[in-house]
Amino acid sequence: MHSIQEVQNHIKEAVGYIKKQITLKPKIGIILGTGLGSLVDGIELGGTVDYDKIPHFPVSTVESHAGKLLFGHLKGKPVVCMQGRFHYYEGYSFQQIAFPIRVMKRLGIESLIVSNAAGGMNPNFKPGDIMLIKDHINFFPGNPLIGPNDDSMGDRFPDMYDLYYCGYQQTAKAVALAQGLPLQVGVYVGLTGPCLETAAEYRMLRGFGADAVGMSTVPEVIAAHHLKIKILAFSIITDMGLADNMHPCSLEDVIGAASKTEPKLRELIAGCVERM
Ligand code: HPA
């Protein structure tokens, strides 16, 4: 675990490197999940920075994730987009997963939009649905805020009030309605993976009140909330995790379903950004 001073230095070096390449000052950060990489097509590109060039930045190991920061304008708003994210199952620490969020905060973001692929457990859902995340359950064996707290970043004991910012949830619902897009709303449970869940685990997670399950988002959202960044998050339901109706599910199934729904989520996110 790095000291507060070391983390501050790492963030400073990463931000310093990025600012040498990019002059644009982003207000909104966007994290693209599995199979959602082409969400960036709507962005008027200003520049890109490869993760592996940024000092102290983790490097993406998953093939379905690209690995660069994209800077540009979406609906006229300055954005930075993480094309490729870091998962705990890849072996990264929670501090490493939080690092890009802290860097984006220093670059100026005040809002964060997160997307992911998730297994649906609410029987009213079906693959291809988009779920607005209204709350989460942290089932990861840790938390990015464990360790010495940097008081200049955020509180030692942040409350989870309005974690998924209510104002943005209202915006997303209004945009979906205007676009004629059905929008599910639910609770996301995040856990390590990389296995998908057993029938018994899906039953348990559903019993705990979760509507969808995935392997990301929760650590990033906690780190962002600590920094007082307002959060909007969506899951694409790529497969169903119903304990009494189990099916085989491959990565191809997940990526295929995510890619198919992607154009709709792209429009939804663009509509939200326009109103942010
Ligand atoms: N479980 C966990 N993560 C997932 C799933 C799932 O069923 N589908 C996509 N990501």
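When a ligand or atom number is given, it counts from 1 through the structure's own listing order.
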Polar side-chain atom of His136 near backbone of Val187 as donor-acceptor pair, under 3.5 Å: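 No, the answer is negative, given that no donor and acceptor are paired below the 3.5 Å cut-off.
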salt_bridge(Asp211, Arg206) N-O dist < 4.0 Å: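 Between Arg206 and Asp211 there is a salt bridge, with a charged N closer than 4.0 Å to a carboxylate O.
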Identify whether the distance between the nearest side-chain nitrogen and carboxylate oxygen of Arg266 and Asp41 falls below 4.0 Å.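 So Arg266 pairs with Asp41 through a salt bridge.
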Within the 4.0 Å heavy-atom sphere of ligand 1, strictly under, residues: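 Ala117, Ala118, Gly119, Leu196, Glu197, Tyr202, Val213, Gly214, Met215, Thr238, Asp239.
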Describe, in one word, how the ring planes of Phe86 and Phe57 are oriented to each other, choosing from parallel (under 30°), tilted (30 to 60°) and perpendicular (over 60°).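 Perpendicular, since the angle between the ring planes exceeds 60°.
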Any side-chain donor paired with an acceptor under 3.5 Å for Glu90 and His87?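 Side chains of Glu90 and His87: pair found under 3.5 Å.
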Checking Lys230 against Tyr165: charged group under 6.0 Å from the ring centre and within 45 degrees of the axis?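 The answer is yes, since Lys230 meets both limits relative to Tyr165.
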